[in-house]
Amino acid sequence: MRPIHLALAALITVASPAFAQPEHPGGRPSGPPPQRGPEPYHGSPHQDQGRPDQGKRDQERREQGRADQGHHDQDEHHRTYADRPGHPNAPHVDNGKRWVGHDTGRDDRHYHLDRPWEHGRFEGGFGAEHRWRLRGGGPNHFWFNNFYWSVAPWDLDYADDWLWDSDDVIIYEDPDHPGWYLAYNPRLGTYVHVLYMGPG
């Protein structure tokens, strides 16, 4: 075997971890990003089941004064999204195809807007071929490429581990909740409902 072949084989062996698939915090690969958003949901709407740690988080939010801004009612709880061991307890996409958690239907009051698309419609591009790098802010007000957004109050807990100045996001249209979009985080494999606030 020629020395150049040995050097190339060594380089590939050393560099291969850099090309490994990103993983969820639980160690499960997040898989490829979805090529398209979810289909409209036609089944029976999923009912919230409650989450053991939600009471503590709701209390913290109330103490911060966020409950006054339309966040969770005291007696409401989020459901569990960890559909299998090792999957995140947040809305997520399995194998780039199945949108776990997008099953509450059109009448979900958590995503009702009196004036959908009040700030205009996002026209920057949808789907996996349009990956955007977050440039700052936080869940209540974040941006990329001069487009400004806000996470739905009901989804705030699911964006706790997003990196608002360095994560990538992919935007999808939400077929069930007029005025909302879905922001998918490829690093985590999770998504949240987001409201487009217009250009900067």
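In what follows, every heavy atom counts, from backbone to side chain, and hydrogens, waters and symmetry copies are set aside.
The shortest side-chain heavy-atom distance between Tyr196 and Arg121 does not fall under the 4.5 Å cut-off. The shortest distance between side-chain heavy atoms of Asp174 and His193 falls below 4.5 Å. Side-chain contact check for Tyr81 versus Thr190: every heavy-atom pair is 4.5 Å or farther apart. In this structure the side chain of Gln35 never reaches within 4.5 angstrom of the side chain of Lys97, judged on heavy atoms. In this structure, Thr104 and His110 have side chains that are not in contact, with every pair of non-hydrogen atoms separated by 4.5 Å or more. Between Asp83 and Arg98, some side-chain heavy-atom pair lies under the 4.5 Å cut-off.
Smallest separation of non-hydrogen atoms from Leu182 and Glu173: CD1-O, 4.3 Å. In this structure, Tyr184 and Pro32 approach most closely via the heavy-atom pair OH-O, 4.2 Å. Residues Asp160 and Leu156 come closest through the heavy atom pair OD1-O, 3.5 Å. In plain terms, the two heavy atoms of Pro34 and Ala128 that are nearest each other are O-CB, 3.5 Å. Here the closest non-hydrogen pair linking Trp162 and Tyr191 is CZ2-CA, 4.3 Å.
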Note to self: Let's go through Phe144 and Ile171 carefully: what are the C-alpha distance in whole Å and the side-chain angles of both, what is the deciding distance for side chain to side chain contact (heavy atoms under 4.5 Å, CB included) to 0.1 Å, and is it a yes or a no?
What the structure shows: CA-CA 11 Å; Phe144 55 79; Ile171 303 295; 3.9 Å; yes
Notebook entry, point to check: Taking it one step at a time, do Leu163 and Arg187 satisfy side chain to side chain contact (heavy atoms under 4.5 Å, CB included)?
Noted result: CA-CA 10 Å; Leu163 304 177; Arg187 178 177 65 87; 3.5 Å; yes
Checklist line | Leu113 vs Glu118, side chain to side chain contact (heavy atoms under 4.5 Å, CB included): CA-CA, chis, key distance, verdict | finding: CA-CA 9 Å; Leu113 294 172; Glu118 179 177 3; over 6 Å; no
Next item on the list: Would you check, one step at a time, whether the test side chain to side chain contact (heavy atoms under 4.5 Å, CB included) holds for Val169 with Val194?
Entry: CA-CA 11 Å; Val169 295; Val194 292; over 6 Å; no
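Enclosure of atom CG in Asn146 by more than 12 non-hydrogen atoms of other residues, nucleotides or ligands within 6.0 angstrom is indicated. Within 6.0 Å of the CD atom in Glu129, the count of heavy atoms belonging to other residues, nucleotides or ligands exceeds 12.
Side chain of Arg135 to backbone of Asp165: no donor-acceptor contact under 3.5 angstrom is found. Between the Asp168 side chain and the Arg131 main chain, no donor and acceptor come within less than 3.5 Å of each other. Checked by atom type and distance alone, the side chain of Arg106 pairs as donor or acceptor with a backbone atom of Pro175 at under 3.5 Å. Checked by atom type and distance alone, the side chain of Ser150 pairs as donor or acceptor with a backbone atom of Asn140 at under 3.5 Å.
Below 30°, between 30° and 60°, or above 60°: for His177 and Tyr111 the angle between ring planes is between 30° and 60°, a tilted geometry. The aromatic rings of Phe147 and Trp132 lie perpendicular to each other, with more than 60° between the two planes, well past the 30° mark. Ring orientation note: the planes of Trp149 and Tyr181 are nearly perpendicular, at an angle over 60° on the 30°/60° scale.
Here the OH-CZ distance, from Tyr172 to Phe126, works out to 11.5 Å after rounding to the nearest 0.5 Å.
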